[in-house]
Amino acid sequence: MASPLTPRATDFPRWYQDVITQAGLADNGPVRGTMVIRPWGYAIWERMQAELDARIKAAGAENAYFPLFIPESYLRREAEHVEGFSPELAVVTHGGGRRLEEPVVVRPTSETVINSFFAKWVQSYRDLPLLINQWANVVRWELRPRLFLRTSEFLWQEGHTAHATEAEARVYALRILRDVYEATMRDVLSVPVLVGHKTARERFAGAIRTWTCEAMMGDGKALQMGTSHELGQNFARAFGIQFSSESGTQEYPWQTSWGVSTRLVGALIMAHGDDAGLRLPPQLAPLQVVVLVVRDDEGVRRAAEEIAAELRRTGRRVRVDDAVDVSFGRRSVDWELKGVPVRVEVGPRELAAGQVTVVRRDRQEKRPVPVGAAAAEVRKDLLKVAVSLREEAAARQAARTVAVSTREEAAAAAADGFAVLPWDAVGVGGELELAAAGVSVRCLQRPDGTLAESDDEPGLVAVVAKAY
RNA sequence: CGGGGAGUGGCGCAGCGGUAGCGCACCUGCUUUGGGAGCAGGAGGCCGGGGGUUCGAAUCCCCCCUCCCCGACCA
């Protein structure tokens, strides 16, 4: 039987769709661009949420919830913001069987509603900083949807903060970028990312500065995984947020906003998946270990249960697959598609020799392990999988990143990887030229990969790639 | 919105004037079970919609609808 997946080298986008279907991650919804997230996919998202939520709270933000419906007039208050979002708004014109006097938009993001309340809540410098996060769905009507990567409705987290000074806002935006986003991507998703500055062209509508986490996918294309924005005083002015300073003057606060979405699930698939399916880092895997009963046998079942029980006692997420009426091959393939990091095969033959077989999903190598040592070996393997997935992704990124010096070279090199060149060699005009070639400036950094103070700092380099 | 394709059981497709079929999946039974098992039996389809041509239309003609792919926007 052939693989249920199109090989990545044959057609990467199709492979991506195949993985989502075969691993049971999601289905298309009935309305174009909408997505049904199935249990296996949702469990992965829930774990991402939990990890992000803990880090967001550690950074001092509190969760709250704001309404789905926003008065259309709110969007218009910030000029760039409306302009940026108008093309993708879903607008509700009728409610309760009547035409609404003022249409309401389904939130594409919540800057406007949240800031209208910040105006009410912020009176004094003592009310600052105000650090709010919300988990919600948002709608941005998409012409070319792709499951998890670009859907008309998606789930995300959006943080919104107000600070007394520009410097404090900047520090907070960067703290979220590094301590929450970059750390989660690296340590939880096992996806190494480039952090950098967005160019004016790629900046969030209404922001004065946008920071980004960009990762390289299995086909060499870039994916924007998360952004953190400095909003300056734009929204504060638009929504009349003012506070009395210590010296008694009325001031506008400096704000930030930041978000990551279910797109992270797409990133995980494309960063780690192989021709056998998904490869999940143990930190996110709904099941970390499957103990597979190879053949129906009393002793085999007992041994499998014992290994599973020991792993559960030490906090691992384990399932015993004893569906022996389904062929061994079928079950192996299914768990590989789903990306379970480690599989233990228990069969009568090896058990007679006092052994079981342990298979790491990332390498697909089988090795015999004494029954008594199985649980301990599995625990070690789980740690190794997390590291090796990250290292593999980092190695790919390093191997497919080249330094170039002209826009022509950058466009060519970005065909299947990242091109790095002096930002001076691109410039605002050069970005249009690159766009015509199907590539874009993903971010600006200092040559050593660190973050620049601003996008006009001298000597910056541009990372150029094809983007999702 | 510009260019290109396609609509036929759950999914993927064939059939292109004679009244609908294949693969996978599904159901039942038996045999299997160490890498997507085999055999036998079975269920499931206003052939996208409307109109026309014809003795007869999934098939030919006209109109409409929808979806997919490629371009400009995008977490």
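Within every chain, numbering begins at 1; the chains are lettered A, B, ... in the order of the sequence lines, protein sequences first and strands thereafter. Note that the structure is a prediction, hence the values are computed from the model and not measured.
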Novice: With both distances under 3.5 Å as the test, what is the Watson-Crick or G-U wobble partner of B/rA25?
Specialist: none
Novice: NA contact type, A/Glu158, heavy-atom cut-off 4.0 Å: base, sugar-phosphate, or nothing?
Specialist: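 A/Glu158: no heavy atom of the nucleic acid under 4.0 Å.
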Novice: Taking the C1' atom in each of B/rC27 and B/rG44, what is the distance between them to the nearest angstrom?
Specialist: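 Going atom to atom, C1' in each nucleotide, I get 10 Å.
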Novice: Can you tell me, in whole Å, how much space there is between the C1' of B/rA58 and that of B/rC30?
Specialist: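 About 39 Å, rounded to a whole number of Å.
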Novice: Any luck finding a side-chain donor-acceptor pair between A/Arg442 and A/Ser440 under 3.5 Å?
Specialist: yes
Novice: Using the C1' atom as the reference point in each nucleotide, state the distance between B/rU66 and B/rU28 in Å, no decimals.
Specialist: 38 Å
Novice: Please tabulate the protein-to-nucleotide N/O contacts below 3.5 Å involving nucleotides 64-68 of chain B, giving atom names and distances.
Specialist:
| residue | atom | partner | partner atom | Å |
| --- | --- | --- | --- | --- |
| B/rC68 | OP1 | A/Arg32 | NH1 | 2.8 |
| B/rC68 | OP2 | A/Arg32 | NH1 | 2.1 |

Novice: Considering every strand shown, what is the Watson-Crick or G-U wobble mate of B/rG34 when both distances are under 3.5 Å?
Specialist: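 Looking at the geometry, B/rG34 pairs with no nucleotide.
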Novice: What is the nucleic acid contact for A/Ser152, judged by heavy atoms within less than 4.0 Å: base, sugar-phosphate only, or nothing?
Specialist: nothing
Novice: Mind checking who B/rG9 pairs with, Watson-Crick or G-U wobble, both distances under 3.5 Å?
Specialist: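 B/rG9 is unpaired by these criteria.
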Novice: Write down the distance separating the P atoms in B/rC24 and B/rC64, rounded off to the nearest Å.
Specialist: 41 Å
Novice: For A/Gln224, answer base if it contacts any base atom (sugar-phosphate contacts may also be present), sugar-phosphate if it contacts only those atoms, and nothing otherwise; contact means non-hydrogen atoms under 4.0 Å.
Specialist: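 Sugar-phosphate only.
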